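Below is one structure, written out as C-alpha cells, with a few remarks after it.
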2 protein chains.
Amino acid sequence: MKVLIIEDDPLHRSYLHQVISNALPECTLIAEAEDGLVGERLAREQRFERIVMDLNMSPRNGIEAARTIWHERPDTSILFWSNYADEANVRGISRIVPSGAAYGYVLKSTSDERLQLALRAIFVESQCVIDREIRGMQQRSLGHADEFSESEYEVLVDIALGLTDKTIAKRRHLSLRSVQNRLQSIYEKLGVYSAAEGVGRDPNFNFRSRAVTVALMRGLLNHSTLERAEGELSSWLKRHAGA
Amino acid sequence: MKVLIIEDDPLHRSYLHQVISNALPECTLIAEAEDGLVGERLAREQRFERIVMDLNMSPRNGIEAARTIWHERPDTSILFWSNYADEANVRGISRIVPSGAAYGYVLKSTSDERLQLALRAIFVESQCVIDREIRGMQQRSLGHADEFSESEYEVLVDIALGLTDKTIAKRRHLSLRSVQNRLQSIYEKLGVYSAAEGVGRDPNFNFRSRAVTVALMRGLLNHSTLERAEGELSSWLKRHAGA
DNA sequence: CACTGTCTTGCGGGTTCCCGCAACTGATGT
DNA sequence: ACATCAGTTGCGGGAACCCGCAAGACAGTG
C-alpha cells in the first residue's frame with residue numbers, strides 16, 4: 001500500500017507522515033508533496049491511489065488538485081484534511097467527487113484517534129468519512145429554508161465578482177427580472193436586510209455589497225472559490241467581447 | 001527571562017517552544033496559550049514581557065490580544081508569527097504598536113535560522129524585526145500612487161460592510177459627494193474599472209461590490225478586520241438609531 | 001381535471017449609485 | 001500677493017438597482 005501526502009505546511013506534513021505510518025502499518029511507501037502541482041504530478045507518475053491532502057495551498061489548492069487527479073483516475077481515495085469547515089469547500093468537493101469514489105473530510109482539529117480511524121476506514125474499507133462538524137453544516141445548509149440552490153449560488157458568485165444584473169442575465173441565460181428575483185432570495189437567506197433583527201429593510205444598507213461580505217464571513221465563499229470563478233469569468237468575457 | 005507563546009495550532013506551538021528554547025538558552029520559563037483570551041489572561045497574571053503570537057486565531061485574534069496586552073503594559077515585546085502577509089494585518093498592527101515598543105513580524109514560512117535571529121533581536125536587543133516580504137508590501141502600498149490613505153481605507157471598510165453612501169457620509173461626517181469622490185479613487189486604485197487592462201470603464205461591472213472582493217483577494221481586508229468593523233458599526237447604529 | 005406551489009418574465013417606478021462640471025477652502029511655496 | 005495643488009461640496013442627470021404586482025409555464029397531487 002502506498003500513500004501520498006499533499007500538504008504545504010512542513011510541520012503538518014511530518015505529523016501526517018507519522019500518524020499514517022502508525023495507523024497503516026501495511027503501508028510500504030509514504031510520499032510527500034508540498035503543493036497541489038507536484039501532488040498532481042506525483043499521483044500521475046507513481047500511480048498513487050490513496051491520497052491525504054490539505055485544501056488551502058498555493059499555488060493550486062486542494063480542490064483543483066483533486067479535480068485533475070480524479071479526472072485521471074476516478075477510483076482514487078482522497079482524504080481531505082483541512083483547517084476550516086467552509087461551506088465553499090464542502091460544496092466544491094461534492095461537485096467533483098466521482099460516483100463510487102471513497103473520500104473523507106476531516107478537520108485538523110480532530111484528535112489523533114479520529115484521524116487514524118478515518119485513515120483506515122477510507123484507505124482499507126473504502127468507506128466515506130465526513131467529520132461531524134461538516135455533516136452538521138451540510139444538514140443545516142441543506143435542510144433548512146436558507147439552503148442555497150445551485151442557481152442561487154451561481155448568482156451569488158457573480159455579484160461577488162462584481163457583475164451587473166444585466167451581465168449576469170446574459171451569462172446565465174436568464175431574464176433581467178429573474179436575476180433580480182434570485183438576488184432578492186439571496187438577500188433574504190443571507191439575512192442582509194437588517195443588522196439588528198429588525199423586520200423591515202434597513203435603508204442604511206446596500207444589500208448587494210453587504211451580501212458579498214456576509215457570504216465570505218459565513219464561509220459560503222472563500223478566496224480560492226473566487227479566484228477560480230474570476231478565471232472562468234475572464235475567459236467568458238473574452239468569448240463574448242463582441243456581443 | 002520568560003516567554004509566552006500564543007498560538008492555536010498545537011503542532012506550531014510545540015515547534016515554537018522548541019525553537020525558543022534553542023535560541024534563548026537564558027530562558028527559564030516558556031508558557032503556552034491556545035487562543036487570544038487565555039493569552040491575555042496569562043500575560044496579565046504572570047507579567048510576561050516577551051510574547052510570540054499567531055495572528056489568525058479564534059476566538060480573539062492576535063491583533064485584538066496584542067491591543068489589550070499593549071494597553072496594559074506598553075513595554076511588552078511581541079513577535080507576530082503568521083502565515084500571511086496581508087496588508088490588513090500590517091495595517092492593524094501598525095495602528096496599535098505603542099511608540100518605543102519592540103515588535104516583529106515574521107512569516108511562518110521563514111527558515112529556522114531567521115526565526116531564531118528574530119527572537120534574539122527582539123527579546124534580547126529590543127530591536128524591531130520585520131520580514132522582507134512584509135517590508136516590501138509596506139513600501140509598495142505606501143510609496144506608490146495606489147497607496148490608500150486612512151480615510152479612503154475607512155470608506156473601503158464601510159462599503160464592505162454594506163453601507164449606503166448616505167450612511168457612510170453620516171458616519172464619517174462628510175458630504176455625500178465627498179464619499180463618492182473617495183469611492184472613485186478607491187475604484188481607481190483597486191483597478192476595478194476593467195477586468196482586462198482596458199482603458200475605459202467596463203459596463204459589465206458593478207464597481208462597488210467588485211471593489212469588496214478585490215480588496216479581500218489582495219489581503220487589504222480580511223475576515224477579522226471585517227468582524228471587528230462589524231462590531232463597531234452595530235454599536236454606532238444603535239447610538240444613531242433615532243437620527 | 002382543477003388546485004397548488006414553484007419558477008420565470010415583463011412592466012412600472014421610486015431610490016441609489018456613479019460621475020462630469022464647477023465653485024470654494026486651505027495649505028504650501030515662491 | 002499670487003499661483004498651485006489637494007480636498008470638499010453642490011448640482012444635475014443618466015444608468016443601475018431594488019422590488020411590488022400580475023400574468024404565464026410547468027410539475028406534482030388528489
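Order of the sequence lines fixes the chain letters, A, B, ..., with proteins taken first and strands second; residue numbering starts at 1 for each chain. All values reported here derive from a predicted model rather than from experimental measurement. Side chains are part of it too, since the values below use all heavy atoms of this structure and drop only hydrogens, waters and symmetry mates.
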Check side chain to side chain contact (heavy atoms under 4.5 Å, CB included) between B:T225 and all other residues, then give those that pass, not counting sequence neighbours.
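Partners of B:T225 under the side chain to side chain contact (heavy atoms under 4.5 Å, CB included) test: B:A88, B:Y153, B:N222.
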With a non-hydrogen cut-off below 4.0 angstrom, is A:S178 in contact with a base, only sugar-phosphate, or nothing?
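Base, at least one base heavy atom under 4.0 Å.
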[atom1] of [X] versus [atom2] of [N]: gap in Å, rounded?
{"X": "B:R172", "N": "D:dG7", "atom1": "CZ", "atom2": "P", "result": "18 Å"}
{"X": "B:D165", "N": "D:dC11", "atom1": "CG", "atom2": "C1'", "result": "16 Å"}
{"X": "B:K170", "N": "D:dT9", "atom1": "NZ", "atom2": "C1'", "result": "18 Å"}
{"X": "A:I159", "N": "C:dC17", "atom1": "CD1", "atom2": "C1'", "result": "16 Å"}
{"X": "A:L163", "N": "C:dC17", "atom1": "CG", "atom2": "P", "result": "19 Å"}
{"X": "B:F148", "N": "D:dG7", "atom1": "CZ", "atom2": "P", "result": "14 Å"}
{"X": "A:L176", "N": "C:dT9", "atom1": "CG", "atom2": "P", "result": "10 Å"}
{"X": "B:E152", "N": "D:dG7", "atom1": "CD", "atom2": "C1'", "result": "11 Å"}

5' to 3', nucleotides 19-25 of chain D under a 4.0 Å protein heavy-atom cut-off (B base, S sugar-phosphate only, - none) gives BBB----
Would you please confirm or rule out a distance under 4.0 Å between OP1 or OP2 of C:dT9 and any side-chain N or O of A:S175?
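Yes, such a contact exists.
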Parallel under 30°, tilted from 30 to 60°, perpendicular over 60°: which one fits the rings of B:Y193 and B:Y187?
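The rings of B:Y193 and B:Y187 stand perpendicular, inter-plane angle above 60°.
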Would you sort out whether A:R172 and A:S151 count as a side-chain hydrogen bond (donor to acceptor under 3.5 Å, both in side chains), showing the intermediate values?
CA-CA 9 Å; A:R172 302 299 182 190; A:S151 52; over 6 Å; no
Hey, are A:R44 and A:E40 close enough for a salt bridge, meaning a charged N less than 4.0 Å from a carboxylate O?
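No, this pair does not count.
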Is a salt bridge present between B:D131 and B:R114, judged by a nitrogen-to-oxygen distance below 4.0 Å?
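Counted as a salt bridge, because a side-chain N and a carboxylate O are separated by less than 4.0 Å.
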Under 3.5 Å donor-acceptor pairs involving side-chain atoms of residues 73-85 of chain B, not counting sequence neighbours:
from  : atom 1 : to    : atom 2 : distance (Å)
B:T76 : OG1    : B:R73 : O      : 2.6
B:S82 : OG     : B:Y84 : N      : 3.1
B:S82 : OG     : B:Y84 : O      : 3.4

Position toward the 5' end of DNA chain D (nearest nucleotide), A:S209 or B:H173
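Looking at the nearest nucleotide for each, B:H173 comes out on the 5' side.
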Looking at every heavy atom in both B:D54 and B:M57, which two are closest together, and how far apart are they?
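Closest heavy-atom pair between B:D54 and B:M57: O-CE, 3.5 Å.
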